[in-house]
Amino acid sequence: MAEDSTHDYVVVGAGTAGCALAARLSENGRHSVLLLEAGPKDDYLWIHIPIGYGKTMFHPVYNWRFETEPDPGMNGRRIYWPRGRCLGGSSSINGLIYIRGQHEDYDHWASLGNDGWSWKDVLPYFRKLESNSRGASELHGGDGPISCSDIRGRHELIEALIAGAGSLGVPRNDDFNGERQEGVGYYQLFTRKGWRSSTAVAYLRPARGRPNLRVETGAHATRVLFEGTRAAGVEYRQGGHTRVARAAREVILAAGALQSPQLLLLSGVGSGAHLAEHGIPVVHDLPGVGENLQDHLQLRLLFRCSKPITTNDDLASWWRSLQIGLKWLVQRKGPLAIGINQGGLFTRVLPESATPDIQFHFATLSADMAGAKPHPFPGFTMSVCQLRPTSRGR
């Protein structure tokens, strides 16, 4: 075992949160920060080209490729659960869609006793992180690190879907992060001039030259080290060696909804009875760790299109593929600069819902599974998920 030098802060996970934390904590130059990432650098080109998440959805290096246990509610099936495994984490492999959530949900969380989580409390931070292509306003930031861009150009298929929703009484909404979320329209994307705007690009890249920030990739944290009940450091595996990083101030777990609680459990923080089953010494008997897992179940509905206007058609033709490639190279526009999901819809299905309880994603491509080869015919996908799941896992 080789012991590393001590740092003020040790941050585990260089994903969506970890990159932002490492950049902000090292900003004043007074504190030393170590950022540990189990995966590699984000130097795979398809991470940065927006349409490229089709290439990373099942990538064995840049994606953890998790699966759920067989679920009785899903007829015993396992559900694929992609998670980013590189600098930027899931912000480097996701669908780039910029959605904050509903004002009312934040206020509800605050009413339950979660101080600091009301909409008026969180809005300043949303504005601070955001550089919106529409400029600064009461609800949007204009000079933050993360770029949020409109989809330039209109697509005939998305316009038809918007018109169809309008005929059913769903209003057009040009800003799902505006005064209200309900409605149908185009998404804004985490892109800048045709490139993905991940947290690794937006936060970490400008900070990498700081002498007080150290970033280690291929560094898989295995447990938090405790001195009594104080988190004093992290043990991690890198290059076949076990190493230790000690924290003078704090250890920060930013490994996501799955791996942060897993790391706590491996470190002896969790249900004492459960830890005893696995022979893990109990540091703190805290039964809630690893429980109350929630996620949105999403159903993908595939449709044939009556006109050859979909991304399927672009990719099936060498000539059209060449055209969209050149359009991105020269103008940073077109399907490569956008990705797949362009349109969205938020509405209410349940009579008791006062705010949207369901969300649609409209994709101009169809395939048997996200990231799979597109169908050889004009096709599109309408994915739908419930916004407030009641089922709980662990």
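Throughout, numbering of the chain's residues begins at 1 and tracks the sequence.
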Output side-chain donor-acceptor pairs under 3.5 Å for residues 261-272, partner residues at least two apart or in another chain, one line each.
residue: Ser267; atom: OG; partner: Val224; partner atom: N; Å: 2.7
residue: Ser267; atom: OG; partner: Leu263; partner atom: O; Å: 2.6
residue: Ser271; atom: OG; partner: His274; partner atom: N; Å: 3.4

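- Distance check, rounded to the nearest 0.5 Å: CG of Leu329 to CD1 of Ile324 gives 11.0 Å.
- Residues Leu129 and Tyr203 have side chains in contact (heavy-atom distance under 4.5 Å, counting atoms from C-beta outward).
- No more than 12 heavy atoms of other residues, nucleotides or ligands lie within 6.0 Å of CZ in Arg24, so this atom counts as exposed by the packing criterion.
- For Thr222, the side-chain hydrogen bond (donor to acceptor under 3.5 Å, both in side chains) criterion is met by Glu235, not counting sequence neighbours.
- We find that Glu159 and Arg172 are joined by a salt bridge, their nearest charged nitrogen and carboxylate oxygen being less than 4.0 Å apart.
- In this structure, the side chain of Asn75 does not engage the main chain of Arg77 through any donor-acceptor pair within 3.5 Å.
- In this structure, CZ in Arg152 is found 9.5 Å from NZ in Lys193, a value given to the nearest 0.5 Å.
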Walk me through whether His103 and Gln181 qualify under side chain to side chain contact (heavy atoms under 4.5 Å, CB included).
CA-CA 9 Å; His103 306 185; Gln181 192 175 72; over 6 Å; no

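- Within a 6.0 Å sphere centred on CD of Glu179, other residues, nucleotides and ligands contribute 12 heavy atoms or fewer.
- Note that CZ of Arg65 and OG1 of Thr56 are 12.0 Å apart. Values are rounded to the nearest 0.5 Å.
- Looking at Arg392 and Asn292, their side chains do bring a donor and an acceptor atom within 3.5 Å of each other.
- Thr16 and Ser90 share no donor-acceptor pair across their side chains, judged by distance under 3.5 Å alone.
- Remark: the backbone N or O of Gly185 is not paired with any side-chain donor or acceptor of Asn173 at under 3.5 angstrom.
- A donor atom on one side chain and an acceptor atom on the other are found under 3.5 Å apart for Asn312 and Ser366.
- In summary, the side chains of Asp313 and Thr310 do present a donor paired with an acceptor at a separation below 3.5 Å, with no hydrogens or angles considered.
- Asp8 contributes no side-chain N or O that, together with a main-chain N or O of Arg249, makes up a donor-acceptor pair within less than 3.5 Å.
- Using a 4.5 Å heavy-atom cutoff, the side chains of Leu301 and Phe303 are in contact.
- Tyr98 pairs by the ring pair (Phe, Tyr, Trp, His ring centres under 6.0 Å) definition with Phe190, not counting sequence neighbours.
- In this structure, Tyr9 and His31 have perpendicular ring planes: the angle between them is above 60°, well past the 30° mark.
- Remark: side-chain polar atoms of His361 are not paired, donor with acceptor, to backbone N or O of Leu345 under 3.5 angstrom.
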Would you check, one step at a time, whether the test salt bridge (Lys or Arg N to Asp or Glu O under 4.0 Å) holds for Glu156 with Lys307?
CA-CA 10 Å; Glu156 182 180 349; Lys307 299 172 70 174; 2.3 Å; yes

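- Annotation: side chain of Tyr44 is in contact with side chain of His59 (closest heavy-atom distance under 4.5 Å).
- The aromatic rings of Trp109 and Trp117 stand perpendicular to each other, their planes meeting at an angle above 60°, with 30° marking the opposite boundary.
- Side-chain contact check for Asn132 and Gln188: at least one donor-acceptor pair (N or O, by modelled atom type) lies under 3.5 Å.
- Geometric assessment of Arg320 against the ring of Trp318 yields a negative cation-pi assignment under the 6.0 Å and 45° thresholds.
- Remark: side-chain polar atoms of Thr6 are not paired, donor with acceptor, to backbone N or O of Ala248 under 3.5 angstrom.
- Under the 4.5 Å side-chain criterion, counting only non-hydrogen atoms from C-beta, Glu67 is not in contact with Ile79.
- Of the options Leu36, Val244, Val33, a side chain to side chain contact (heavy atoms under 4.5 Å, CB included) to Val10 is made by Leu36 and by none of the others.
- Neither Tyr236 nor Val11 shares a network with the other; the hydrophobic side chains, linked directly or stepwise wherever heavy atoms of I, L, V, M, F, W or Y lie under 4.5 Å apart, form separate groups for each.
- Remark: the backbone N or O of Val201 is paired with a side-chain donor or acceptor of Ser198 at under 3.5 angstrom.
- Without hydrogens or angle criteria, His220 side chain to Arg237 main chain gives no donor-acceptor distance under 3.5 Å.
- Using a 4.5 Å cut-off on side-chain heavy atoms (C-beta onward), Thr191 and Arg196 make no contact.
- Between the side chains of Thr355 and Gln102, at least one donor-acceptor pair of N or O atoms lies under 3.5 Å.
- With 3.5 Å as the limit, one finds a donor-acceptor pair spanning the side chains of Glu130 and His140.
- Hydrophobic clustering of Ile, Leu, Val, Met, Phe, Trp and Tyr side chains at less than 4.5 Å, counting indirect connections, unites Phe346 with Leu161.
- Side chains of Asp314 and Thr311: a donor-acceptor N/O pair is absent below 3.5 angstrom, by distance only.
- Remark: His375 pairs with Phe377 by the ring pair (Phe, Tyr, Trp, His ring centres under 6.0 Å) rule, at least two apart or across chains.
- Every residue meeting the side-chain hydrogen bond (donor to acceptor under 3.5 Å, both in side chains) condition with Arg134, not counting sequence neighbours, appears here in chain and number order: Asp150.
- Checked by atom type and distance alone, the side chain of Arg214 never pairs as donor or acceptor with a backbone atom of Leu34 at under 3.5 Å.
- Side-chain contact between Gln342 and Phe362 is absent, with no heavy atoms from C-beta onward closer than 4.5 Å.
- With a 6.0 Å cutoff to the six-membered ring centre and a 45° limit on the axis angle, Arg83 does not count as a cation-pi contact of Trp64.
- Between Glu37 and Ala14, the shortest heavy-atom distance links the atoms OE1-N, 3.0 Å.
- For His48, there are no ring pair (Phe, Tyr, Trp, His ring centres under 6.0 Å) partners two or more places apart in sequence or in a different chain.
- Residues Leu293 and Leu258 are in side-chain contact: their nearest non-hydrogen atoms beyond the backbone lie under 4.5 Å apart.
- Counting heavy atoms of neighbouring residues, nucleotides and ligands inside a 6.0 Å radius, atom OH of Tyr125 does not exceed 12 of them.
- Residue Asp71 places its CG atom among more than 12 non-hydrogen atoms of other residues, nucleotides or ligands, all under 6.0 Å distant.
- Expressed to the nearest 0.5 Å, how far CH2 of Trp119 lies from CG of Asp107 amounts to 9.0 Å.
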Pair Asp368, Lys373 - check salt bridge (Lys or Arg N to Asp or Glu O under 4.0 Å), show working.
CA-CA 8 Å; Asp368 288 339; Lys373 185 178 180 180; over 6 Å; no

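- Residues Ser26 and Arg210 bring a donor and an acceptor atom of their side chains to less than 3.5 Å of each other.
- The shortest side-chain heavy-atom distance between Leu225 and Arg223 falls under the 4.5 Å cut-off.
- Here the straight-line distance linking atom CZ of Arg300 with atom CE of Met382 works out to 13.0 Å at 0.5 Å rounding.
- Summarising the geometry, atom CG belonging to Leu302 is positioned 10.0 Å from atom CZ belonging to Phe380; distances are rounded to the nearest 0.5 Å.
- Relative orientation of the Phe176 and Tyr187 rings is tilted, given thresholds of 30° and 60° on the angle between their planes.
- Phe58 and Trp81 fall into different hydrophobic clusters, where Ile, Leu, Val, Met, Phe, Trp and Tyr side chains are chained together by heavy-atom contacts under 4.5 Å.
- Using modelled atom types, one side-chain atom of Trp328 and one backbone atom of Gly194 make a donor-acceptor pair closer than 3.5 Å.
- In this structure, the side chain of Ser131 engages the main chain of Gly142 through a donor-acceptor pair within 3.5 Å.
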